[in-house]
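Each remark here refers to the structure printed beneath this line.
If you're wondering where the values come from, they're calculated on a predicted model, not measured in any experiment. Throughout, a chain's letter reflects where its sequence line sits, starting with A, and its residues are numbered from 1.
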There are 2 protein chains.
Amino acid sequence: MAGETHRPERRADALTKERIVEAAVALLDAGGADGLTFRALAARLATGSGAIYWHIADKHALLAAATDHVIARALADRVASAPPREAIRALALAVFDAIDAHPWVGAQLSGDPWQYAVLCILAGIGAQVTALGVAERHRFNAATALLSFVLGLAGQYAVGSRLVGGDKDRAAFLRDVAARWAQLDPERHPFVRQVAARLAEHDDREQFLAGIDLILAGLERAH
Amino acid sequence: MAGETHRPERRADALTKERIVEAAVALLDAGGADGLTFRALAARLATGSGAIYWHIADKHALLAAATDHVIARALADRVASAPPREAIRALALAVFDAIDAHPWVGAQLSGDPWQYAVLCILAGIGAQVTALGVAERHRFNAATALLSFVLGLAGQYAVGSRLVGGDKDRAAFLRDVAARWAQLDPERHPFVRQVAARLAEHDDREQFLAGIDLILAGLERAH
DNA sequence: CATGCGTCTGGAACAATGTTCCATATGAGC
DNA sequence: GCTCATATGGAACATTGTTCCAGACGCATG
């Protein structure tokens, strides 16, 4: 791996972890999780795969670094000072919007929940849960419950946005699923049939916030 | 794909979707998600990969079928008659225990939230949410919030149990993560540092139930 | 009983991927 | 100018999912 003896770039076109990660993010944004291959990455950076491996351990590390890159920016953009409840909502929405802009991030977050980016999200949630006045012995469960909800919906949203193109595809995808739901056996899955219509017309952001509010309400009731 | 003209097995060792799925589950249980390859599956069934493809579309479908197999059994084992709140807890615990016994199911559920097995879980949750008396216009958000939480923790738990061997490995894994958390910069991630100890000693099942109860409490407060 | 044909099987062959390996280039320090 | 750790580019390898096809099986028909 890269030693740290020489700090400045020795060449103008020097390969750095930063450049590699940025290129990886671009490929992921363009082609989803399947769009990132070492060959495509090497081609984009005009180099070979071996050179990339000198800077990054393996694909797992590359995906984690790309996710960090996106999440770090998303979390940095927030305002620090706000009442705890609003701060949690803002934090959750920041993550949601990041996934909306980069759908592969959702799959990556829920698929590898122990990476650094998730830790940063938990740190943000935990700070606000503390500020909310939750007793110390309940903070861990409260913060991880919020985190699990966020990660769960992250995965759910990610798959529905897998195809590029934005809102159009997401809406069409939900309509397709809702149509399948509506044709289910009313005996076996009555509830799913009933809410099929809501699925087709619902707003993801609103649904996401409703879940956050539900957990926050439970928190206020229990504390 | 398989036509349905001949119902009975023409041969004693006939390949069926059922036999393939059972072998797939065995491989997944033994070697995790990486343990399932078409070559290993063909070897176990004493056949070739081509024969398997005649019964199943592709690997995605095979994983979904294997997950259905496990989840269907887990949901079937429950008692039907119980107060809604207890029924939801029992349902969630049934899913949790299934993931505990087959860690790959957790990753599969959160990685592909639109498969049939997830629909069955949502159906179960939705029925009890309805029985709980939640107003019709809130049911969709309430049920999907519970589902997202379950799927989020499913992914979280799955990764920590990836290595075989049961409780020992999970506990050791959590201790490792907690040790890393404890060494974080207190300035940047104070909360995570504080709860590191709880992570090392916490009980997954208890944490899971606490999250469910939190959402249920929010439901009672809001309705 | 022989023949034909859709059903089903087994394994070879293919394309793509992550990863390793190595010959070579680069440039800072002596 | 020499040297050597640092860094690069691309060939080569192992493994994977998937496709393809030659043939086996056994029911229906003559």
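- Residue S49(A) places its side chain closer to dG10(D) than to any other of dT9(C), dG9(D), dG10(D).
- Rounded to whole Å, atom P of dT15(D) lies 18 Å from atom CG of D58(A).
- Residue T37(A) has its side chain nearest to dG18(C) when only dG17(D), dA11(D), dG18(C) are considered.
- Atom CG of D58(A) has more than 12 neighbouring heavy atoms from other residues, nucleotides or ligands inside a 6.0 Å radius.
- Backbone-only engagement by L36(B) is indicated by non-hydrogen atom pairs under 4.0 Å involving sugar-phosphate atoms exclusively.
- Between A46(A) and R39(A), it is A46(A) whose nearest contact on DNA chain D lies nearer the 5' terminus.
- A close approach under 4.0 Å does occur between a side-chain nitrogen or oxygen of H55(A) and OP1 or OP2 of dT8(D).
- Judged purely by distance below 3.5 Å, without hydrogens or angles, the side chains of N141(A) and H202(B) never pair a donor atom with an acceptor atom.
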Practice item. Evaluate the criterion ring-ring contact (aromatic ring centres under 6.0 Å, His included) for residue pair F96(B) and Y157(B); output intermediate values, then yes/no. Key: CA-CA 9 Å; F96(B) 181 89; Y157(B) 189 68; 5.1 Å; yes
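- The distance from atom CG of L41(B) to atom P of dG10(C) is 12 Å, rounded to the nearest whole Å.
- What separates OH of Y53(B) from C1' of dA13(C) is a distance of 14 Å, to the nearest Å.
- Environment of NZ in K17(B): sparse, with no more than 12 heavy atoms of neighbouring residues, nucleotides or ligands closer than 6.0 Å.
- In this structure, I20(A) atom CD1 and dA7(D) atom C1' are separated by 11 Å, rounded to whole Å.
- The distance from atom CG of L63(A) to atom C1' of dT17(C) is 13 Å, rounded to the nearest whole Å.
- One can place CD1 of I52(A) at 13 Å from C1' of dT17(C), the figure rounded to the nearest angstrom.
- The nearest whole Å value for the distance from the CH2 atom in W54(B) to the P atom in dT7(C) is 7 Å.
- For the pair F38(B) CZ and dT18(D) C1', the computed distance is 8 Å after rounding to whole Å.
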